[in-house]
Amino acid sequence: MAHQAHSYHMVDPSPWPIFGAAAALLTTSGLIMWFHHNSMQLLNLGLITTTLIMIQWWRDIVRESTFQGHHTLTVQKGLRYGMILFITSEAFFFLGFFWAFFHSSLAPTPELGGQWPPTGIKPLNPLEVPLLNTAILLASGITVTWAHHSITEGNRNQAMYALGLTILLGFYFTMLQATEYYEAPFSIADGVYGSTFFIATGFHGLHVIIGSSFLSICLLRLTKFHFTSNHHFGFEAAAWYWHFVDIIWLFLYMTIYWWGS
């Protein structure tokens, strides 16, 4: 279009959605091959393909927003609504896991020994690593808010420092949770307790890894001067997502780790 008389963004045709869907199919098929046949070739191919598509898709979005000026105030408003709806869908995703946990724990069946935790299960101490992880995530919520305020005030160096600290805390949380999994006295195969514990905390851990990646991209963009004090929705979306991950962990800690033990 030689002249655009509206503030909306008419997205150009892109190959990444269909390629991304194919890469996701490759990855899930690879997981099945790994689980059933102990072969990781298809999984590795799917992960590599997904990573390459993510890099190129993000590159296109950064180009549209930062260099081509397509993310007008109207477009940003739509993106905000989209992010709110996405986080809402994620909340319902975790609601299913909490539902499964309370369904089994509030009225334990005779097969579970009529008690929770079930007979034979030694739960993790909520006052050890889980409490440390709670402090780490709460601290990361403070540092990401600090980074946001620094960006709005135009203090780029302080924003980079705060954002870098948030990412380090996120990876530290992941490392501690991996250690906790390795040393846990039960596994995902230990009945409904093992499955609800590892599915709920494992998917939360995956969301922490995704959020850390999201924030790492924002840090890279911050070093390249992509954000201004009034045009930084990419960072805002990452910060919202990170706060959501924090809140879900608080519910996980209070229910599965503390009350459920």
Side-chain angles (χ1 to χ4, degrees), residues 20 24 27-28 31 35 50 54 79-108 112 116-118 121 123-126 128-145 166-167 169-181 184 186-218 236-261:
T27 305
T28 49
L31 279 169
F35 293 162
T50 302
M54 282 163 55
L79 291 170
R80 281 184 170 83
Y81 286 146
M83 194 66 195
I84 290 166
L85 289 171
F86 170 67
I87 290 174
T88 304
S89 73
E90 291 280 271
F92 279 97
F93 176 75
F94 278 99
L95 178 63
F97 301 142
F98 286 112
W99 190 302
F101 174 78
F102 284 117
H103 175 80
S104 299
S105 62
L106 288 174
L112 300 176
W116 193 268
I121 293 288
L124 297 168
N125 187 341
E128 292 180 353
V129 174
L131 184 60
L132 175 59
N133 265 343
T134 303
I136 288 167
L137 270 194
L138 289 175
S140 73
I142 294 168
T143 54
V144 80
T145 305
T166 307
I167 295 163
L169 288 168
F171 283 119
Y172 185 38
F173 174 94
T174 304
M175 185 187 74
L176 283 175
Q177 193 167 30
T179 307
E180 180 186 78
Y181 278 9
F186 53 89
S187 74
I188 196 170
D190 283 320
V192 70
Y193 185 90
S195 59
T196 51
F197 176 87
F198 281 103
I199 286 290
T201 59
F203 266 111
H204 176 269
L206 178 64
H207 281 69
V208 171
I209 293 169
I210 292 167
S212 300
S213 306
F214 203 169
L215 291 170
S216 299
I217 296 297
C218 289
E236 275 186 64
W240 290 357
Y241 188 84
W242 196 253
H243 287 309
F244 163 75
V245 167
D246 283 357
I247 292 165
I248 291 295
W249 175 258
L250 288 176
F251 280 107
L252 283 172
Y253 178 75
M254 289 187 293
T255 56
I256 293 178
Y257 282 99
W258 183 60
W259 179 84
S261 68

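Since we're looking at a predicted model, the values are computed, not measured.
How far CD1 of I256 is from CG of L124: 11.5 Å, rounded to the nearest 0.5 Å. In this structure, CG in L131 is found 9.0 Å from CG in N125, a value given to the nearest 0.5 Å. The line from OH of Y193 to OG of S105 is 10.0 Å long, rounded to the nearest 0.5 Å. Between the CD1 atom of I84 and the OG1 atom of T88 there is a distance of 7.5 Å, given to the nearest 0.5 Å. The distance from atom CZ of F171 to atom OG1 of T174, rounded to the nearest 0.5 Å, is 7.0 Å. Once rounded to the nearest 0.5 Å, the distance linking CD1 of I136 with CG of N133 reads 5.0 Å.
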CA sep, side-chain torsions, deciding dist, call: H207, I248, side-chain contact (heavy atoms from CB on, under 4.5 Å): CA-CA 10 Å; H207 281 69; I248 291 295; over 6 Å; no

Test side-chain contact (heavy atoms from CB on, under 4.5 Å) applied to W242 and F214, step by step: CA-CA 9 Å; W242 196 253; F214 203 169; over 6 Å; no

Worked check of side-chain contact (heavy atoms from CB on, under 4.5 Å) between T134 and L250: CA-CA 7 Å; T134 303; L250 288 176; 3.9 Å; yes

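Inspection of the Y172 and S140 side chains reveals no N or O donor paired with an N or O acceptor under 3.5 Å.
Looking only at side-chain heavy atoms (C-beta outward), E236 and R80 come within less than 4.5 Å of each other. Side-chain contact check for T166 versus L169: every heavy-atom pair is 4.5 Å or farther apart. Taking 4.5 Å as the limit, some side-chain heavy atom of Y181 sits within range of a side-chain heavy atom of T201. No side-chain heavy atom of T196 sits less than 4.5 Å from a side-chain heavy atom of F98. Within the 4.5 Å cutoff, the side chain of L132 has heavy atoms near those of the L176 side chain. In this structure the side chain of H103 never reaches within 4.5 angstrom of the side chain of V192, judged on heavy atoms.
The heavy-atom pair separating P130 from E180 by the smallest distance is CG-OE2, 3.4 Å. Here the shortest heavy-atom pairing between P117 and P123 reads CG-CG, 3.8 Å. A pairwise comparison of heavy atoms in L112 and S104 identifies CD1-O, 3.9 Å as the closest pair.
Between F94 and F251, a ring centre-to-centre spacing not shorter than 6.0 Å is recorded. Between F101 and W116, the distance from one ring center to the other falls under 6.0 angstrom. Ring to ring, W249 and Y257 are close: their centroids are under 6.0 angstrom apart. Under the 6.0 Å cut-off for aromatic ring centres, F102 and W259 qualify, their centroids lying closer than that.
Classification of the F203-F97 ring pair by plane angle, with boundaries at 30° and 60°, yields parallel. Using cut-offs of 30° and 60° for the angle between ring planes, the H204 and F173 rings count as perpendicular.
Residue W258 places its CH2 atom among 12 or fewer non-hydrogen atoms of other residues, nucleotides or ligands, all under 6.0 Å distant.
A side-chain donor-acceptor contact under 3.5 Å links Y253 to the backbone of P126.
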